[in-house]
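Just below is one structure, and these are the notes that go with it.
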There are 2 protein chains.
Amino acid sequence: MSKRVTSRFAILGLLTLKPMSGYDLKRFVDEAIRFFWNLSYGTIYPMLKRLEDEGLVLRKNVSRENRPERSVFRLTGKGRRVLSEWHEGDIELPQVNDEILLRLFVGHDVPAEKNIELVNRYRDKLRDRIRHYESIEPESLEEARESRHGLLSHATLRCGILTTRARIRWCQETLEMLQAQLPDAAGEV
Amino acid sequence: MSKRVTSRFAILGLLTLKPMSGYDLKRFVDEAIRFFWNLSYGTIYPMLKRLEDEGLVLRKNVSRENRPERSVFRLTGKGRRVLSEWHEGDIELPQVNDEILLRLFVGHDVPAEKNIELVNRYRDKLRDRIRHYESIEPESLEEARESRHGLLSHATLRCGILTTRARIRWCQETLEMLQAQLPDAAGEV
DNA sequence: ATTTACATGTAAGGGGTTACATGATTGA
DNA sequence: TCAATCATGTAACCCCTTACATGTAAAT
């Protein structure tokens, strides 16, 4: 279902922003959308080749002096058509495998302190992330006023912020719950 | 990173709840934790075989009259040790590929109405999910008072509730943003 | 009589990751 | 000089999904 060649549409979709090389795509994903999408070279280059063979993208070799040659790809009309079919299609809630929830769920015979430590570490990582999100939010908001893509990009950032905050709040709540169960917390009510 | 045989620990972990067959595991996952974990038969049976070969689980063939024979698996001491090593290990924020965010991010040249429709459909699915979560919450809360595992299980449900609610709120916010950009919304401020 | 639930597995294929190979250029 | 950045790709491997194969028994 959600497995049907999703990196295909990711690459096609990103090429609507501007023509890019495999290297560009990798950098773009890592810099701009790494929190909700990732692509590795081992996915990118074979997929670009495949999209080229299918006539969905067009390769243009660009050589500049004193720089390695690049293969820059742009969408073809056919590529755009395939993309818009994807945009038409239905969206499913993804089936995720969420490690922290699994760990907690089967955490009944590890020491309670371990579970607390786990949620703590997890919360710390979420906090790092939210700090980053919030640091780029003002700029994102400006871009949202300036272009259609800026607005949509801002929406994705907002999603990151809202869901990460929710998870942090969940950590808080869960830590309280777990600490209340600690043997030496018996008298502290 | 997060790819290192995670179904291995899922199966090992679930077997701490009670000894189970492959069929049991599948049913359990589908019924109890499908919102944060999934396993297919094609994963379960080969993995059980492998865990057996490695001495992490023990197979016991159980035949009951008028029923097909079952292979019920229980954890071995070694299995428990491997599991607790996993519990010790660090947790990473998973790298996800989040289709709705990708679609929005590259949605700048699809009609604005399509983006709105997308978020709407997505919100509807989240609402179905939250309705389900909330319907099982009271029972989960009771179980939380009754056992250690009940408490941890409840924590996972709470995570689902909080993050799903956050996403629904994000949909609302995003819909408002997108609708405000609609050409015929110009005079409606 | 037929569908559903019980029950265990395999085979093919897909999608993705990591690591490697290669080589130029730039900056510290 | 050495690391980092630019740049493209491949190969091995892994995990997982889907679909298939097979068969019994209970329920409708």
Side-chain angles (χ1 to χ4, degrees), chain A residues 1-12 19-31 34 36-54 57 59-73 86 92 94-99 102, chain B residues 1-12 19-31 34 36-54 57 59-73 86 92 94-99 102:
Chain A
M1 317 214 151
S2 67
K3 280 285 135 49
R4 51 171 199 282
V5 238
T6 157
S7 64
R8 182 189 191 73
F9 299 108
I11 291 175
L12 249 21
M20 284 190 264
S21 67
Y23 189 79
D24 292 338
L25 281 163
K26 176 64 173 156
R27 286 196 41 187
F28 187 89
V29 167
D30 288 350
E31 278 166 28
R34 93 187 104 123
F36 69 83
W37 208 270
N38 73 78
L39 286 172
S40 64
Y41 287 126
T43 298
I44 292 171
Y45 284 111
M47 184 55 77
L48 282 172
K49 181 86 195 65
R50 207 171 136 184
L51 294 172
E52 189 190 9
D53 292 343
E54 295 174 32
V57 300
R59 180 193 303 255
K60 191 178 188 178
N61 291 312
V62 180
S63 29
R64 289 107 71 244
E65 18 176 301
N66 289 346
R67 305 238 98 248
E69 198 180 55
R70 288 156 43 86
S71 283
V72 177
F73 296 84
W86 173 65
E92 298 292 333
Q95 322 196 119
V96 289
N97 285 13
D98 194 331
E99 193 180 336
L102 177 68
Chain B
M1 317 212 152
S2 66
K3 282 284 135 49
R4 50 171 202 282
V5 236
T6 153
S7 65
R8 183 190 190 73
F9 299 109
I11 291 175
L12 250 20
M20 283 190 264
S21 67
Y23 189 80
D24 292 337
L25 281 164
K26 176 62 173 158
R27 286 196 41 187
F28 187 88
V29 167
D30 288 351
E31 279 166 27
R34 93 188 104 124
F36 69 83
W37 208 268
N38 74 77
L39 285 172
S40 64
Y41 287 126
T43 299
I44 292 171
Y45 285 111
M47 185 56 77
L48 282 171
K49 181 86 194 64
R50 205 171 137 185
L51 295 172
E52 189 189 9
D53 292 343
E54 293 173 33
V57 300
R59 180 194 302 255
K60 192 176 186 179
N61 290 313
V62 180
S63 30
R64 291 108 70 244
E65 19 175 299
N66 289 346
R67 305 240 98 247
E69 198 179 55
R70 288 156 44 86
S71 283
V72 176
F73 296 85
W86 173 64
E92 297 292 334
Q95 321 196 120
V96 288
N97 285 11
D98 194 330
E99 193 180 335
L102 176 68

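Predicted, not measured: the structure shown is a model, and the values here were computed from it. The sequence lines fix the lettering, A, B, ..., with proteins before strands; numbering per chain opens at 1. We use all heavy atoms of the structure for the numbers below, so side chains are in, but hydrogens, waters and symmetry mates are not.
Phosphate contact (OP1/OP2 of D:dC6, side-chain N/O of A:Y23, threshold under 4.0 Å): present. In this model, the phosphate group of D:dC16 is approached by a side-chain N or O of B:S7 to a distance below 4.0 Å at OP1 or OP2. Applying the 4.0 Å criterion to OP1 and OP2 of D:dC16, one finds that B:S40 has every side-chain N and O outside that range. A:R59 has a side-chain polar atom (N or O) that falls below the 4.0 Å cut-off from OP1 or OP2 of D:dG9. Proximity of B:R50 to the phosphate of D:dC15: a side-chain N or O atom is located under 4.0 Å from OP1 or OP2. Between D:dT24 and B:R70, no contact under 4.0 Å exists linking OP1 or OP2 to a side-chain N or O. For D:dC15, neither phosphate oxygen OP1 nor OP2 lies less than 4.0 angstrom from any side-chain nitrogen or oxygen of B:R8. Dashed line: the shortest gap from a side-chain N or O of A:S21 to OP1 or OP2 of D:dT8 is under 4.0 Å.
Place B:P46 and B:N97 on DNA chain C by their nearest nucleotides, and B:P46 ends up nearer the 5' end. Comparing B:S71 and A:L39 along DNA chain C, the residue whose closest nucleotide (by nearest heavy atom) sits nearer the 5' end is B:S71.
When rounded to the nearest whole Å, the span between CE of A:M47 and P of C:dG14 equals 11 Å. What separates CD of B:E52 from P of C:dT8 is a distance of 12 Å, to the nearest Å. Per the geometry, CZ belonging to B:R27 stands 9 Å off C1' belonging to C:dC6, to the nearest Å. The separation between A:L48 atom CG and D:dT8 atom P is 9 Å, rounded to whole Å. Across the protein-nucleic acid pair, B:Y41 atom OH and D:dA19 atom P stand 15 Å apart, rounded to whole Å. Protein atom CG of B:D24 is 16 Å distant from nucleotide atom P of C:dA5, rounded to whole Å. A:W37 has its CH2 atom 12 Å from the C1' atom of C:dG15, to the nearest Å. Between the P atom of D:dT17 and the CG atom of B:D30 lies a distance of 11 Å, rounded to the nearest Å.
A distance-only check finds no donor-acceptor pair linking the side chain of A:D53 to the backbone of A:R50 [under 3.5 Å].
Proximity of B:K49 to B:Y45: side-chain heavy atoms (C-beta onward) are nowhere separated by under 4.5 Å. Using a 4.5 Å heavy-atom threshold, the side chains of A:W37 and A:T6 count as touching.
Of the candidate nucleotides D:dC15, D:dG9, C:dG9, C:dG9 has the atom lying nearest to any side-chain atom of B:Y45.
In this structure, B:N38 reaches the sugar-phosphate backbone alone: every heavy-atom distance under 4.0 Å involves primed, P, OP1 or OP2 atoms, never a base.
For B:V72 against B:P19, the heavy-atom pair with the smallest separation is CG1-CB, 3.7 Å.
Here B:R34 pairs with nothing under the salt bridge (charged side-chain N to carboxylate O under 4.0 Å, His left out) rule; sequence neighbours left out.
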